[in-house]
Amino acid sequence: MPHPILDSSSADIFTIRTTASGPTGALPFTGSFLQDSPSGDVFGWTQDAGMGWDPSELGSPEFLMLSTSGGIRNPDGTPVALGLHTGHWEVSLLMEEAAGVFKANGAVPFAVFCSDPCDGRSQGTTGMFDSLAYRNDAATVLRRLTRSLPTARGMMGVATCDKGLPAMMMALAGNGHLPGILVPGGVTLLSEEGEDLAKVQSVGARFAHSEIDLQTASETACRSCGSPGGGCQFLGTAATTQVVAEALGMTLPHAALAPSGSNAWRDMARRSALALMEMTRNGIPLSSILTEASLHNALVLHAAFGGSTNLILHIPAIAHAAGLPRPNVDDWQRINRKVPRLVDALPNGPHGYATVQVFLAGGVPEVMLHLRDHGLLELDAPTVSGQTIGENLAWWEQSERRRLFRDKLTALDGIDPHDVIRPPEDAFPSTVTFIQGNLVPDGAVVKSTAIDPDLLDDEGIFLHEGPARVFVSEEAAIAALKSTGDDRVQEGEVLVLAGLGPLGAGMPETYQVTSTLRYASVGKNLAVLTDARFSGVSTGPCLGHASPEALAGGPLGKLRDGDPIRIHIDTRKLVGTAEFVGDLEKFLDRPIHPDLAPDPRLPDDTRLWAALQNASGGSWGGCVYDVDEIIKRL
């Protein structure tokens, strides 16, 4: 009897051969091609024929598609092996649509992959140690893959989610000498039975406080994805990055936030392939699209949508990859003071429409129409459509596409598109406020537009004074939030999560904490101050990116339980402070918290990333690798 692991019981394994007939036909070599081309270009055609491409079609323009696809699907969409998240589960279908267009137009498509993690799956786990660091690694891999096909005439990136999409944009920007286009992976539909994907992540905390029973938690968590593909239904980091990509001119108009798997989504991939071939014919590299004007538009759209604070990390990184000046705090403040939030989407509210509903209401171009009419956009910025932003908007304003999609929103959901995307005269306070003060000498940030209006006074000011409750790990904070015993969090406390910056824990998102504050009763009258970052779906008086981080000498590392803290946020003027209000001289003379140390589980890969990005401008600089600065320091 064969050993079940060491050997096989099937005789079929011995049906084997050492030779086979090669591909038929002949490669379309010319004498000059053989004489002048590198052997790699010649051998590449041999490989192409070996993979089954018609040899007679080789020598046609080659286009490289890069994707974050994950999982293995049967032709009917059922899983053979799961991916890590819905965001990369269906994007291979976009590549198939684009590939068909390339082939039909006499081009040769290539496809390569670098899959991506799920920040929702990583929340509260050691997987979050690798989340932000992955972005830089993936951008490097994707750039290397692009350079590995030096005969490519153009590149197409296909990605959806929190880290894979910024990485893809950094990779495309870093190879900007080529024509390039981005195809965003779209969004998941709302579930007709379950909770949205923001709220459902708090089922554990709500169950711990007896606010939801086991059966309800089990059923709602099972049913929260309305479709198998796309990014989450809220305007978190994935959706915000899709919006920013369109604002940068890297996508076709009305490409961001399309419902995954839909005909509109597939059609967008096909038209993107046509646009990329047109860019190639006209000799338009992506570097001519990515300009300081397009960066301005990206910051404006981020503010107008109420986007994720994680884009404070990603937009500078994309700019750096493109060789452009990185936006700094002054740039963000200047834009946010000019641009109100126009979009009512999850998680910001007040109603909180889903991203697919924002798409039907007109998405990015509809918001841009309002911004254009108030002189807030750089209308001459070029885009991959071959037209400027202004020209795209002139088309959109009169298009049948615009009218039909907006009518569809009303027909399907009974929603007036004007309630989803508002004009500036009926807008909300702008998106982010940068915080100063003796606890954050180099600053912190809060998504002030997402603070519950009930917590603000008549002047739009949030004021919280309370004792510090210090945690040096996210696990300890979550345990206290779930606890019903003496160690539970108390109303009025300021939850301080210290030592969670890049050096301490890889700068995790801590959405377990912020989702509990929003959706569980325990979260009332609390504030958060941390050197970590937040999920794009986080809301409330949660101050992140506190700098310097505690393990780099930041004052956060000196705090102890009971220390008096005052947090003041003016959501209209977009200014705020986070202050220790005791004896400041004695406080600053303190040693750091005795339990503060880098997490011993932090992988060496992430420790290296933390050191390199720290030498390159840190989190305010986008957590990038500034090679010249790193070499100088070495």
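Throughout, numbering of the chain's residues begins at 1 and tracks the sequence.
Of the possible donor and acceptor atoms, none in the side chain of D531 sits under 3.5 Å from a partner among the backbone N and O of A498. Between the side chain of R341 and the backbone N or O of G306, no donor-acceptor pair lies under 3.5 Å. Checked by atom type and distance alone, the side chain of D589 never pairs as donor or acceptor with a backbone atom of K586 at under 3.5 Å. Counting only distance, with no hydrogens or angles, the side chain of R135 and the backbone of C623 share a donor-acceptor pair below 3.5 Å. In this structure, D570 contributes its side chain and V575 its backbone to no donor-acceptor pair below 3.5 Å. A donor-acceptor pair is defined here as one N or O able to donate and one able to accept, closer than 3.5 Å; such a pair exists between the side chain of T188 and the backbone of G231. Without hydrogens or angle criteria, H296 side chain to L376 main chain gives a donor-acceptor distance under 3.5 Å. With T355 contributing its side chain and L235 its backbone, the two residues share no donor-acceptor pair below 3.5 Å. Side-chain atoms of E465 never come within 3.5 Å of backbone atoms of R566 as a donor-acceptor pair (strictly under, hydrogens ignored). Formation of a donor-acceptor pair under 3.5 Å by the S616 side chain with backbone atoms of L612 is found in this model.
For E292, the CD atom sits in a loose shell: 12 or fewer heavy atoms of surrounding residues, nucleotides or ligands are nearer than 6.0 Å. More than 12 heavy atoms of other residues, nucleotides or ligands sit less than 6.0 Å from atom CD of E425. Dense packing is recorded around NE2 of H374, with more than 12 heavy atoms of other residues, nucleotides or ligands lying under 6.0 Å away. Counted within 6.0 Å of CZ on R607, heavy atoms from surrounding residues, nucleotides or ligands total 12 or fewer; the atom is thus considered open. More than 12 heavy atoms of other residues, nucleotides or ligands sit less than 6.0 Å from atom CZ of R326.
One side chain, S131 or R533, offers a donor N or O that lies under 3.5 Å from an acceptor on the other. A donor-acceptor pair shorter than 3.5 Å cannot be found between the side chains of T240 and S308. Side-chain contact annotation: D413 with Q357, donor-acceptor N/O pair under 3.5 Å present.
Within the model, atoms CG of D196 and CD of Q233 stand 6.0 Å from one another, a figure rounded to the nearest 0.5 Å. A distance of 5.5 Å separates CG of L257 from CD of Q242, quoted to the nearest 0.5 Å.
The two residues S619 and L313 have their closest heavy-atom pair at O-CD2, 3.2 Å. Counting all heavy atoms, side chain and backbone alike, C542 lies closest to T514 at SG-CG2, 3.7 Å. For the residue pair P502 and E549, the shortest heavy atom distance occurs at CD-OE2, 3.2 Å. Between A208 and K482, the closest heavy-atom pair is CB-O, 3.7 Å. T449 and S430 get closest at one heavy-atom pair: CB-O, 3.1 Å. Closest approach of I435 and T577 over heavy atoms only: CG2-C, 3.6 Å.
Between F434 and W332, the ring planes are tilted. Angles from 30° to 60° get that label.
In this structure S515 satisfies the side chain to side chain contact (heavy atoms under 4.5 Å, CB included) test together with S202, Y511, Y519, sequence neighbours excluded.
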In a table with atom names and distances, give each donor-acceptor pair under 3.5 Å that connects a side chain of residues 468-477 to protein atoms at least two apart or in another chain.
unit_1, atom_1, unit_2, atom_2, d
R469, NH1, R488, O, 3.2
R469, NH1, E493, OE1, 3.4
R469, NH2, D487, O, 2.6
S473, OG, A476, N, 3.1
E475, OE2, R601, NH1, 3.3
E475, OE2, R601, NH2, 2.8

Output a table of donor-acceptor pairs, distance under 3.5 Å, between side-chain atoms of residues 359-370 and any protein atom two or more places apart or on a different chain; print 'none' if there are none.
unit_1, atom_1, unit_2, atom_2, d
E366, OE1, W396, NE1, 3.0
E366, OE1, R402, NE, 2.7
E366, OE2, R402, NH2, 2.8
E366, OE2, R406, NH1, 3.3

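Counting heavy atoms from C-beta on, the side chains of Y353 and D419 come closer than 4.5 Å. The shortest distance between side-chain heavy atoms of N310 and F534 does not fall below 4.5 Å. Contact of the L574 side chain with the Q333 side chain is not registered, since no non-hydrogen atoms from C-beta on lie closer than 4.5 Å.
Exactly one of L165, D119, D162, T309 qualifies for a side-chain contact (heavy atoms from CB on, under 4.5 Å) with T237. That residue is D162. Looking at V339, I335, N336 one by one, the single match for side-chain contact (heavy atoms from CB on, under 4.5 Å) with L299 turns out to be I335.
R334 and D331 are joined by a salt bridge, as a carboxylate oxygen and a charged side-chain nitrogen come within less than 4.0 angstrom of each other.
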